[in-house]
Novice: 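Quick one: the structure is below, questions incoming.
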Amino acid sequence: MSAPARFDRGHTDDLMSFLAASPSPYHAVANTAERLEKAGFRQVAETDAWDGTSGGKYLLRGGAIVAWFVPEDAAPHTPFHIIGAHTDSPNLRIKPRPDSGAHGWRQVAVEIYGGPLLNSWLDRDLGLAGRLTLRDGSTVLADVDRPLLRVPQLAIHLDRTVGTDGLKLDKQRHLQPVWGLGDDVLDGDLIAFLEQEAGLETGSVTGWDLMTYPVEPPAYLGRDRELVAGPRMDNLLSVHAGVAALVAAATSGAELTRIPVLAAFDHEENGSQSDTGADGPLLGTALERSVFARGGSYEDRARAFAGTVCLSSDTGHAVHPNYAERHDPTHHPRVNGGPILKVNVNNRYATDGSGRAVFAAACERADVPFQSFVSNNSMPCGTTIGPITAARHGIRTVDIGVAILSMHSVRELCGADDPFHLANALTAFLEG
């Protein structure tokens with residue numbers, strides 16, 4: 001018998017709040033940790049010895065979080081069911097020497113992070129958020145949630161070719177935002193401003209990881225409010241669904257035969273090769289330490305990993321009504337059609353036939369429809385943390401997600417029903 005729906009449109013309302021409150025990966029993991037704490041999870045430090053007690057636990061490292069729930073009767077060799085996602089999104093990030101300007105304009109020097117649709121960042125009211133590091137090594141979250149910066153587009157009167165040749169942007173020259181007026185470039189001005197905003201002493205900040213973001217909040221769109229427009233859906237939509245599913249599995253009272261896990265990594269948009277990325281040791285170390293803390297041996301670790309399955313959840317492409325020819329002619333995922341199963345035989349996605357069966361069973365238990373996505377053979381295929389997770393840890397991995405439009409835009413578009421369809425499917429997977 002199919003499981004009743006656990007989440008409805010209220011989940012989508014909550015997603016919009018989560019997106020608005022998470023302008024950087026550091027804010028996203030802080031908000032995720034807060035939700036876990038309310039559900040009874042407790043933080044463990046990587047520098048401490050871990051015990052084998054049951055219950056919900058999580059660890060934080062920079063813009064990444066790994067959380068898991070150990071049932072009371074879990075053996076050391078109990079396999080894991082993992083939801084994988086990532087916290088970062090393409091954007092404009094602040095350079096080490098951020099203060100610049102010319103011709104009476106005060107500007108902020110930025111570097112391109114990931115692969116954003118650059119035109120979508122023009123003429124947007126931008127805030128500034130991220131992490132400030134103090135002299136003692138501690139960190140403070142920063143968020144200037146108001147129109148502070150803007151990348152002004154060149155007027156059409158000064159570029160008559162834009163209507164015929166298209167917009168051409170130089171990443172170094174054309175993407176530097178303005179934030180005020182003045183002829184003097186004052187070194188340290190931006191950081192001093194952020195210290196004041198955060199209530200810190202002048203000169204106390206010695207390091208920063210800062211990024212711009214659009215301050216326009218997420219919103220329902222369309223005649224019948226069937227769509228949601230908002231920032232950072234790639235991939236905070238999956239992070240939000242993942243933490244909702246983990247909390248639901250941990251508090252449902254269901255008899256869990258696997259240890260449910262949420263792993264939300266940073267740096268997916270630039271290759272995952274960092275200590276907080278999926279290509280780093282964070283997930284494998286956390287899982288191994290959980291096995292060993294429960295008295296397990298290397299043999300128990302091997303047995304647990306052999307039975308483990310990961311659903312790598314990331315956004316994918318809905319069929320675009322204006323560019324349908326760019327999609328595979330027999331695979332046209334639609335918004336509000338349920339989550340997508342992402343397949344690529346060249347292992348840009350990790351899904352195979354056995355993985356498809358795992359996901360199909362979860363969707364059936366949750367009474368959730370799902371669709372298949374495959375790229376047009378003439379178009380390069382993107383990739384995710386799925387193949388990295390499978391290869392690095394030797395665990396079966398399935399690539400899934402929600403179909404959206406405008407991926408990597410400053411403002412993306414999804415169906416209003418698909419976020420809770422995904423959360424229901426993920427919950428059934430963790431409980432199955």
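What you see below is based on every heavy atom in this structure, not just the backbone, and it leaves out hydrogens, waters and symmetry mates.
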Novice: Let's go through Asp13 and Tyr220 carefully: what are the C-alpha distance in whole Å and the side-chain angles of both, what is the deciding distance for side-chain hydrogen bond (donor to acceptor under 3.5 Å, both in side chains) to 0.1 Å, and is it a yes or a no?
Specialist: CA-CA 9 Å; Asp13 295 337; Tyr220 285 106; 2.5 Å; yes
Novice: Indicate yes or no: at least one non-hydrogen side-chain atom of Pro25 is less than 4.5 angstrom from one of Met211.
Specialist: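 SC-SC contact between Pro25 and Met211 confirmed.
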Novice: Taking all atoms of both residues into account, what is the closest heavy-atom pair of Trp50 and Ala286, and its distance?
Specialist: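 Closest approach of Trp50 to Ala286, heavy atoms only: CZ3-O, 3.7 Å.
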Novice: Have a look at Leu132 and tell me which of Asp209, Thr206, Leu210 forms a side-chain contact (heavy atoms from CB on, under 4.5 Å) with it.
Specialist: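 Result: among Asp209, Thr206, Leu210, Leu210 is the only option passing the side-chain contact (heavy atoms from CB on, under 4.5 Å) with Leu132.
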Novice: With heavy-atom distances below 4.5 Å as the criterion, would you say the side chains of Arg35 and Thr32 are in contact?
Specialist: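 Not in contact.
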Novice: Would you say CG of Asp136 has more than 12 non-hydrogen atoms from neighbouring residues, nucleotides or ligands within 6.0 angstrom?
Specialist: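 Buried by this count: over 12 neighbours within 6.0 Å.
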Novice: Using 30° and 60° as the class boundaries, would you call the ring planes of Phe18 and His240 parallel, tilted or perpendicular?
Specialist: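 Rings of Phe18 and His240: tilted, 30 to 60°.
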Novice: If you count every heavy atom of other residues, nucleotides or ligands that lies below 6.0 Å from Arg9 atom CZ, does the total exceed 12?
Specialist: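 Atom CZ in Arg9 is crowded, with more than 12 foreign heavy atoms closer than 6.0 Å.
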Novice: Report yes if some heavy atom in the side chain of Pro23 is under 4.5 Å from a heavy atom in the side chain of Asp145; otherwise report no.
Specialist: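 Not touching, per the 4.5 Å side-chain cut-off.
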Novice: Can you list the steps and then say if Ser354 with Asp352 is a side-chain hydrogen bond (donor to acceptor under 3.5 Å, both in side chains)?
Specialist: CA-CA 6 Å; Ser354 63; Asp352 62 10; 2.9 Å; yes
Novice: Under 6.0 Å from the CD atom of Gln273, do we count more than 12 heavy atoms belonging to anything else shown?
Specialist: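 No, CD of Gln273 has 12 or fewer neighbouring heavy atoms, counting only those of other groups under 6.0 Å.
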Novice: Return each pair, listed once, that meets ring pair (Phe, Tyr, Trp, His ring centres under 6.0 Å) where at least one residue sits in residues 165-210; pairs must be two or more places apart or across chains.
Specialist: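 For residues 165-210, and leaving out neighbouring residues, the ring pair (Phe, Tyr, Trp, His ring centres under 6.0 Å) pairs sorted by first residue read Trp179-Phe193.
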Novice: With a 3.5 Å distance limit and no angle check, can you tell me whether Thr276 reaches the backbone of Arg61 through a side-chain donor-acceptor pair?
Specialist: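 Answer holds: no.
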Novice: Quick check: are there more than 12 heavy atoms from other residues, nucleotides or ligands sitting under 6.0 Å from CG of Asp48?
Specialist: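 Yes - once you tally the heavy atoms of other residues, nucleotides and ligands closer than 6.0 Å, there are more than 12.
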Novice: Are more than 12 heavy atoms, taken from residues, nucleotides or ligands other than Glu37, located less than 6.0 Å from that residue's CD atom?
Specialist: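 Atom CD in Glu37 is crowded, with more than 12 foreign heavy atoms closer than 6.0 Å.
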Novice: Look at Glu216 together with Arg124 and state whether they make a salt bridge at an N to O cut-off of under 4.0 Å.
Specialist: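 A salt bridge links Glu216 with Arg124.
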Novice: Do the rings of Tyr323 and His320 sit parallel, tilted or perpendicular, given the 30° and 60° boundaries?
Specialist: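 If you compare the ring of Tyr323 with that of His320, the planes turn out perpendicular.
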Novice: Main chain of Cys381, side chain of Thr383: is a donor-acceptor contact present, judged purely on distance under 3.5 Å?
Specialist: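 Not a single qualifying donor-acceptor pair exists.
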Novice: Tell me whether Asn376 contacts the main-chain N or O of Ser378 through its side chain, where contact means a donor paired with an acceptor under 3.5 Å.
Specialist: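 Here the side-chain-to-backbone pair exists.
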Novice: Give me each pair satisfying ring pair (Phe, Tyr, Trp, His ring centres under 6.0 Å) with a member in residues 116-156, each pair once, sequence neighbours excluded.
Specialist: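 Qualifying pairs: none.
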Novice: Can you find a heavy atom in the side chain of Ile83 that is under 4.5 Å from one in the side chain of Val261?
Specialist: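 No, every pair of side-chain atoms sits at 4.5 Å or beyond.
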Novice: Going by heavy atoms in the side chains, are Thr315 and Glu412 under 4.5 Å from each other?
Specialist: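 When only atoms from C-beta onward are counted, Glu412 and Thr315 do not touch, as no gap falls below 4.5 Å.
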Novice: Are Glu268 and Thr87 side-chain neighbours, meaning at least one heavy-atom pair lies under 4.5 Å?
Specialist: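 They are not in side-chain contact.
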Novice: Crowded around Glu201 CD? As in, over 12 foreign heavy atoms under 6.0 Å?
Specialist: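 At most 12 heavy atoms, drawn from other residues, nucleotides or ligands, come within 6.0 Å of this atom.
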Novice: His81 vs Phe429 aromatic rings, parallel, tilted or perpendicular, using cut-offs 30° and 60°?
Specialist: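 Taking Phe429 first and then His81, their aromatic rings lie parallel (interplane angle under 30°).
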Novice: Is Ser312 reaching over with its side chain to a backbone N or O of Gly84, donor-acceptor style, under 3.5 angstrom?
Specialist: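 Side chain of Ser312 to backbone of Gly84: no pair is present.
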Novice: Between Arg93 and Asp88, does any NZ, NE, NH1 or NH2 come within less than 4.0 Å of an OD or OE carboxylate oxygen?
Specialist: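 A salt bridge is absent here (no side-chain N lies under 4.0 Å from a carboxylate O).
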